[in-house]
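For reference, the structure discussed in these notes is given below.
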Amino acid sequence: MDQQLYDFGMVGLGVMGRNLLLNVADHGFKAIGFDTNPEKTKALEAAATKGTIVKGVNSLKEMVDQLATPRRIMILVPAGKPVDDVIESLLPLVSPGDIIIDGGNTYYTDTLRRYEYLQPKGLHFIGIGVSGGEEGARFGPSMMPGGNPEAWEHLKPVLQAIAAKVNGEPCVDYMGKGAAGHFVKMIHNGIEYAIMELISETYDLLHHGAGLNNQQLQETFAAWNDAELKSYLIEITADIFKVKDPETGNDLVDMILDKAGAKGTGKWTTQIAMDLGVAIPTIDMAVSMRNISAIKDQRVEASKLHDKPVNNAADFKAMIDDYKKALYTSIILSYVQGLAMMQTASAELNMDIPMQNAVKVWRGGCIIRSTLLENFYKAYLRNPALPNLLLDDAIASLVQANIASLRKVIGLAAANGFPAGGHMTALTYYDAYTTARLPLNLLQAQRDYFGAHTYERIDKEGKFHTQWT
Ligand code: 6PG
């Protein structure tokens with residue numbers, strides 16, 4: 001048996017688990033990984049950077065016995081029962097004070113259940129959101145750990161070393177109590193869904209409206225990525241238009257079927273927002289658009305029955321700069337919605353999420369990284385208790401400076417039959433949130449008329465009912 005003690009253990013050597021563990025080893029820590037599949041442990045050792053200490057074992061006991069205490073053991077297996085199975089296998093092997101970390105996209109109540117199950121056994125359980133895909137895991141992810149603060153302190157040296165860096169600061173920090181880490185990651189994914197939907201709507205207007213070909217689309221998104229829209233998702237969008245399909249020689253993007261998949265994190269965000277009574281209409285719309293895209297056959301049938309307005313490409317060509325500003329504004333409003341939900345959930349679910357930490361770690365390494373996040377980080381540093389970024393003067397100015405383009409683009413899209421629901425819900429959210437008196441006094445009257453549900457008055461406290469007939 002290898003006598004040396006290892007600093008960090010990984011259960012599950014799929015691409016994410018292997019890449020994260022190699023990243024740990026690249027930063028001078030002794031890394032040991034377990035997988036039932038000998039091919040994966042061999043692949044781990046074969047991929048290790050020369051001079052680093054990396055070991056792959058096919059016995060969980062062998063891994064645990066060789067970890068220095070308090071042990072740091074990350075689990076990266078498919079979310080759900082596999083995580084519970086690994087925890088049960090670890091229980092007879094670990095000691096009080098050890099830290100078990102779940103790095104998957106886990107539903108936050110599962111994390112809370114595991115946290116509460118392990119705490120009485122003297123074990124720390126950290127749910128950590130990991131963002132940035134395989135590349136991020138290998139060379140610098142954004143990470144969102146939540147749970148026991150002492151456990152975070154013991155993980156800090158390793159996680160700060162392997163995280164992406166922005167201005168020299170690691171894109172990892174404490175996200176709050178209990179399941180806060182996985183909750184923050186879920187909201188990250190909800191915002192990711194919204195931004196991806198908004199980019200696809202802009203692509204539609206540029207390509208099918210203004211008639212830009214893929215090369216022109218590549219140039220447009222690449223130019224936008226050099227300015228205020230600088231972000232990972234805009235960057236990869238520009239790259240996508242360059243890729244040829246090896247089979248047909250066509251641009252690959254044109255060969256891809258318009259039916260979107262989803263692993264579910266966006267749906268969770270929408271479901272939980274409804275339970276919390278928080279409005280995130282652009283994220284809701286992004287989930288719905290994926291659902292509408294999935295019923296392709298019905299859409300083809302319906303397209304034969306329902307005519308679209310005849311488009312005038314010149315109208316669309318004149319709006320290129322407006323699409324950029326509309327996209328920029330709608331993306332800001334997507335972060336606004338997701339972060340307002342995070343702030344509400346932090347209080348309602350007793351997570352004490354440091355809002356500035358969430359946006360700080362999103363500045364690099366993650367899928368929704370963008371230059372915009374520096375603006376949000378500064379806003380929460382000014383006021384971590386801010387209920388909504390639209391109440392921050394600097395953010396309010398950013399939106400006001402570009403909102404006219406959003407209104408124009410939505411008008412063009414609506415008049416020409418382009419489904420731009422992401423942009424439309426972003427504008428509706430903005431207009432509703434910034435309206436002091438909404439027309440829902442009438443709705444209250446209707447509820448009281450047919451259901452005697454009572455209403456409040458503008459001139460005095462209390463609940464009132466009127467016999468309307
Ligand atoms: C990340 C991504 C990742 C997510 C993919 C797929 O932060 O690296 O969010 O965690 O699994 O985006 O998500 P969907 O299949 O739901 O689009």
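Both backbone and side-chain heavy atoms feed into the values below; hydrogens, waters and symmetry mates do not.
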Residues which pass salt bridge (Lys or Arg N to Asp or Glu O under 4.0 Å) with Lys177, listed by chain and number, not counting sequence neighbours: Asp352
Ile403 CD1 to Thr329 OG1 distance, which is reported to the nearest 0.5 Å: 5.5 Å
Distance-only donor-acceptor hits, side chain of residues 96-105, under 3.5 Å, sequence neighbours excluded:
residue, atom, partner, partner atom, Å
Asp98, OD1, Arg71, N, 2.9
Asp98, OD2, Arg71, NH1, 2.7
Asp98, OD2, Ser95, N, 2.8
Asp102, OD1, Gly104, N, 2.9
Asp102, OD2, Thr106, OG1, 2.5
Asn105, OD1, Lys185, NZ, 3.0

Results of salt bridge (Lys or Arg N to Asp or Glu O under 4.0 Å) for Glu169 - residues two or more places apart only: Arg363
Partners passing side-chain hydrogen bond (donor to acceptor under 3.5 Å, both in side chains) against Ser200 (at least two apart in sequence or in another chain): none
Cation-aromatic face contact Lys325/Tyr323, 6.0 Å, 45 degrees: no
All pairs passing salt bridge (charged side-chain N to carboxylate O under 4.0 Å, His left out) where residues 281-294 contributes a residue, at least two apart: none
ring-ring contact (aromatic ring centres under 6.0 Å, His included) contacts in which one or both residues fall within residues 80-115, not counting sequence neighbours: Tyr107-Trp268, Tyr108-Phe183
Residues Arg299, Asp258: salt bridge by 4.0 Å N-O rule: yes
side-chain hydrogen bond (donor to acceptor under 3.5 Å, both in side chains) against Lys378, all qualifying residues, sequence neighbours excluded: none
Electrostatic pair Asp84:Lys81 at N-O distance under 4.0 angstrom: no
Any residue meeting side-chain hydrogen bond (donor to acceptor under 3.5 Å, both in side chains) with Arg369, in chain and number order, not counting sequence neighbours: none
Interatomic spacing from CG in Leu427 to OG in Ser330 - rounded to 0.5 Å: 8.0 Å
Summary of side chain to side chain donor-acceptor pair (under 3.5 Å) pairs that have at least one residue in residues 223-243, sequence neighbours excluded: none
Atom CD of Glu88 with >12 non-hydrogen neighbours under 6.0 angstrom: yes
Partner residues of Lys263 under the salt bridge (Lys or Arg N to Asp or Glu O under 4.0 Å) criterion, sequence neighbours left out: none
Flag side-chain contact, heavy atom, 4.5 Å: Val172 against Ser142: no
Residue pair Cys366 / His188, side-chain heavy-atom distance below 4.5 Å: yes
Results of side-chain hydrogen bond (donor to acceptor under 3.5 Å, both in side chains) for Asp26 - residues two or more places apart only: Thr49, Arg138
Set of salt bridge (Lys or Arg N to Asp or Glu O under 4.0 Å) partners for Glu135, sequence neighbours left out: none
